[in-house]
Every structure is written in C-alpha cells, then in structure tokens.
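Quick one: this structure, given as structure tokens, is what I'll be asking you about.
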Amino acid sequence: YLDVIDRLPRAIDVGAQLPHGALRAYVMGERGADHRQHPTEAEIATMAALTRDAIVAGALGFTTSRTINHKTRDGELTPSLTAGAAELLGIAGGLRAAGAGVMEIICDWDDLDAEFELLRQMVVASGSRPMSITVLQNPAAPTKWRRLLDLIEAADRDGLPMRGQVAARPVGLVMGLESRIHPFKMCPSYLPLDELPLAERLVRLRDPETRTAIVTEAQSRRLALADLANMFPLDDPPDYEPLAEDSVAGRAAAVGLEPLEVAYDWLTGADGHRVLYVPVMNYVEGDCETTREMLLSPSTVPGLGDAGAHCTLISDGSFPTYLLTHWGRDRTRGERIPVPWLIKRQTADTARLVGLHDRGVLAPGYKADVNLIDWDALGIGPPRIAYDLPTGGKRLLQKARGYRSTIVAGEVAFVDGESTGSRTGRLIRGAQAGPSS
C-alpha cells in the first residue's frame, strides 16, 4: 500500500497510520466487528507482528478509537471500541519490536482512571513510544478534561512521552441544505424536496405556504430550544466564538420570530449555501477559555482538524489557519496567545511529537517547507459543500486566504492558494524520518 502511495505525485508530504479497525478486521475477519468476540492469543501475536511490519515499512504509527461517536457507514460501533488490554498491549509490543512509531487514541473516558492506566501501560509496553490523546470538554462531564490533562502531565513528569491533542476551536457540526443533516431534514413536507437540485429546491422552499408547513412540522418534532440557543449562523468571516445573542434563539428573540423561522430563513436565504454551526465540544461556558487553557498546557499540542472524516458534517481542516488568526490576532472575548509561540507549537512541536526531526524549524539542513503569509489578509471563509469526490460525492471545504506562497522542499507549490503544478511532496516513511524516530 505504501509503495503505491509513494509512486503517486503530490504537492505536499503525506504520512500513513496503521488503523486499528482495519488491522482487527484483517486478522479476525467478521469476528473483529463483533464486540462480544475477543482475539485469541495467536491473533494478538499476529496483530503485533503486522504492527511491527507496518512501522518498518514506513507507517508513522498506530491509531485506535474508543469512542461511541465513531461508527461504521451502517451505524455500527467501530471494531476497536471494546478492544481489551491484552490486545492493545500486544499491539504496543509491535511498536517496541519495530523500535519506532507513535500511538494516537481517542476515548470517551467512562472510567477515566482505569482507561488512562491502560494507556500508560501501552506506552511502557511499546518501549516508551510517544502517545497523543485527544482532549475535549464533553458537555456531559464538563470538568473531566482537567483531570485527563492532569494525568497526561503526571505521565510526562514520570518520563512517559504522552501528550494531549487539542482542537484550535470548539468541535462542532455544520448543517446546511446540502449537508447530511439540518433542522428540517426529516420534516414530511421537506422530504419530497430533498433530492431536487438546490436552485429548484430553493424556489419551492421560499414559497410561504411551504415555509409555514415545514416550520410547523419542525416545531412539532420538539427540537429543544436549548439546541437552538447553541446553534449559530456562520457568516463570512465565520465567528467560532459567538455570543449567546448571536445564536438562532438569540436572533429570534431580537426580532420577535420563532427560532426555527430564523434558522429556516438563514438556510434558504442568499444562494442557499449558508450553514448553521452547532458547537458540541469545548463550548460549555459559551466561550473559548477552555480551549485556551488546553492549548497553553506544556503537555499538549494543537491537533485534530478533520478534513476528510465526517466530511458532510464537520469542517475542521482550517484549524491551522484559525489557530493563528483567532488566537494570535482577532480574538476579542479574552486574551490572545503570542504568534511565535503558536507557530512553534504547530510546526516544531508537532513534528517532534511524531518523530519527524527533519522539519519544523527554519535552519540549515532542515526540509525547506515554508509558508509566506500576508498577515493582514490571512483568514478563512465559511464552510461550503463541494461535489468533487468520485461519482459526484460531496464534502465540506473551507478555503483559506492570505498564503502568498507555499514552498515545499524548496520549490513553490502554491501561489495565492493556486497550484503551480509543482509536485515535490513525498510519502514520509516514518521509520526513516530520523535517528530519534
């Protein structure tokens, strides 16, 4: 697989991880997706051997998910969710045998202390390979993230290379007429219109009788007012630290309309490409102070940034640009963070975490990957649906502006966001990334 990827020309470097779900399915077959089944000792040994082989072949590391938020296309919980200690420690032993590689994990932390102790054991079993852990504030347990961060920092002090991965802004869902979900998606009067081309659909949706019918049906579905108080129209530029009065409910109160009327008019207004944003994680207090505290921890790095996963619901590929603009320049609802620190955090520090010691700083002998930025022009637009996947499949894209030049391996690959045709990007072979990889 890596050899094929290596032969394809590309503009920037890419790296690969060994995914736990695929590894489990390859070794256990259909049993791997059955959460009542457990691998045999022989199957665990095979997983460990394949993990070693993958790292030696050039994978950067191993990734696993232990959250119920990750599901298959059929809605089933992903295979790795209930993997036991023997399996995870066996796979960690595969990294020890390779003498390289990193581990990445996301977890729901239903039993925080027990789960984290298992992760510590994985790091030990791997020969102290680095592990990064997603850190999020869950509204259902809004203070648990602090305990998790304390445990990560304690492990770091104990000499175990564990780090938290932190999102640059609240992690949330994007909803529009072209997205997978929106507040009116399942209304009986809307369903017959859902497959119409957008322009034709807008004509029908702007009919006053249709509007009344759909809004009434949505109200009867009892969409909670609390949801609408945590739902925000995303304009251009998008505001990811909005005030309560900027919400759908807040705007409705200001103009004397029902909240669902405001949501409906926003989605069907303009060109029909508008979206609503629902922050799910890291916005319990209605501001980004929690995110700031996470970012400033010495045991975290900026991470996440889904651009390909959940691609009709989430648009987080703009995290790196947002990290600079919001925290370094634009924030008004609290303290900012010095720009040099932000740049170091998401270049040098992230590169070192995954064992890439040939990049991340501007110095002789390092890889010449450089962005030349027009600081005043730097920014992002709102998420928009593009139909550019195979067979016309759709995904959310969010364009950035202000990057005057992007230099990859010493050659200009992009000018003002447009490709020059340069293809100096390559596959990063993790085990060959440097003497400390």
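Just so you know, these numbers come straight off a predicted model, no measurement behind them.
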Exercise for the section: Taking atom NZ of Lys367 as the centre, report whether more than 12 heavy atoms of other residues, nucleotides or ligands fall under 6.0 Å from it. Expected result: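 Buried by this count: over 12 neighbours within 6.0 Å.
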Practice task
Measure up the Tyr322 and His326 rings against each other and bin them: parallel (under 30°), tilted (30 to 60°), perpendicular (over 60°).
Solution key: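 Rings of Tyr322 and His326: parallel, as their planes differ by under 30°.
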Exercise for the section: Taking Gln398 for its side chain and Asp316 for its backbone only, find out whether a donor-acceptor pair lies under 3.5 Å. Expected result: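 Such a contact is absent between Gln398 side chain and Asp316 backbone.
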Problem - CD1/Ile12: more than 12 non-hydrogen atoms of other groups inside 6.0 Å - result: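 Not buried by this count: 12 neighbours or fewer within 6.0 Å.
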Handout entry: Atom pair OG/CZ of Ser80 and Phe62 - distance to nearest 0.5 Å
Key =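 Output value for this atom pair is 7.5 Å.
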Handout entry: N-O pairing of Asp330 and Arg336 below 4.0 Å
Key =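 No, no charged N to carboxylate O under 4.0 Å.
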Practice task
Output yes when Arg66 and Glu115 qualify as a salt bridge under the 4.0 Å nitrogen-oxygen rule, no when they do not.
Solution key: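 Looking at Arg66 and Glu115, the cut-off is met.
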Handout entry: Identified side-chain contact (heavy atoms from CB on, under 4.5 Å) counterpart of Leu177 within the set Arg274, His273, His182, Lys185
Key =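 Answer to the side-chain contact (heavy atoms from CB on, under 4.5 Å) test with Leu177 among Arg274, His273, His182, Lys185: His182.
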Handout entry: Donor-acceptor pair between Glu87 and His38 side chains, under 3.5 angstrom
Key =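 No, no side-chain donor-acceptor pair sits under 3.5 Å.
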Handout entry: Distance, nearest 0.5 Å, that separates CZ of Arg384 from CG of Leu234
Key =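 If I round to the nearest 0.5 Å, the distance is 8.5 Å.
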Practice task
Give, for atom CD1 of Ile181 and atom OG1 of Thr312, the distance between the pair rounded to the nearest 0.5 Å.
Solution key: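 Ile181 atom CD1 to Thr312 atom OG1 measures 8.5 Å (nearest 0.5 Å).
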Exercise for the section: Consider only side-chain N and O atoms of Thr82 and His35, and report whether a donor and an acceptor are under 3.5 Å apart. Expected result: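 Judged by distance alone, the side chains do pair up.
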Problem - CD-CG distance between Glu43 and Leu23, expressed to the nearest 0.5 angstrom - result: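 CG of Leu23 is found 11.0 Å from CD of Glu43.
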Handout entry: Asp349/Arg163 salt bridge by N-O under 4.0 Å criterion
Key =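 Salt bridge: no.
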Practice task
Taking atom CD of Glu285 as the centre, report whether more than 12 heavy atoms of other residues, nucleotides or ligands fall under 6.0 Å from it.
Solution key: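 Enclosed.
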Exercise for the section: Could you tell me the separation between the CZ atom of Arg31 and the CD atom of Gln37, rounded to the nearest 0.5 Å? Expected result: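 Between atom CZ of Arg31 and atom CD of Gln37 there are 5.5 Å.
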Exercise for the section: Side-chain contact test, heavy atoms from C-beta onward, threshold under 4.5 Å: evaluate it for Tyr283 versus Cys288 and give yes or no. Expected result: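 Contact flag for Tyr283/Cys288 side chains = yes.
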Problem - Test: Glu241 and Arg169 ion pair at under 4.0 Å - result: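 Not counted as a salt bridge, because no side-chain N and carboxylate O are separated by less than 4.0 Å.
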Practice task
Mind checking the CG-CD1 spacing from Leu372 to Ile407? Nearest 0.5 Å is all I need.
Solution key: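 Leu372 atom CG to Ile407 atom CD1 measures 6.5 Å (nearest 0.5 Å).
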Practice task
Could you label the plane-to-plane angle of the Trp109 and Phe116 rings as parallel, tilted or perpendicular, counting under 30° as parallel and over 60° as perpendicular?
Solution key: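 Tilted.
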Problem - Check: Ser422 side chain, Glu411 main-chain N or O, donor-acceptor pair, under 3.5 Å - result: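 No, because the side chain of Ser422 does not come within donor-acceptor range (under 3.5 Å) of the backbone of Glu411.
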Problem - Non-hydrogen side-chain atoms of Leu89 and Gln121 separated by less than 4.5 Å - result: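 In short, these two side chains touch, coming nearer than 4.5 Å.
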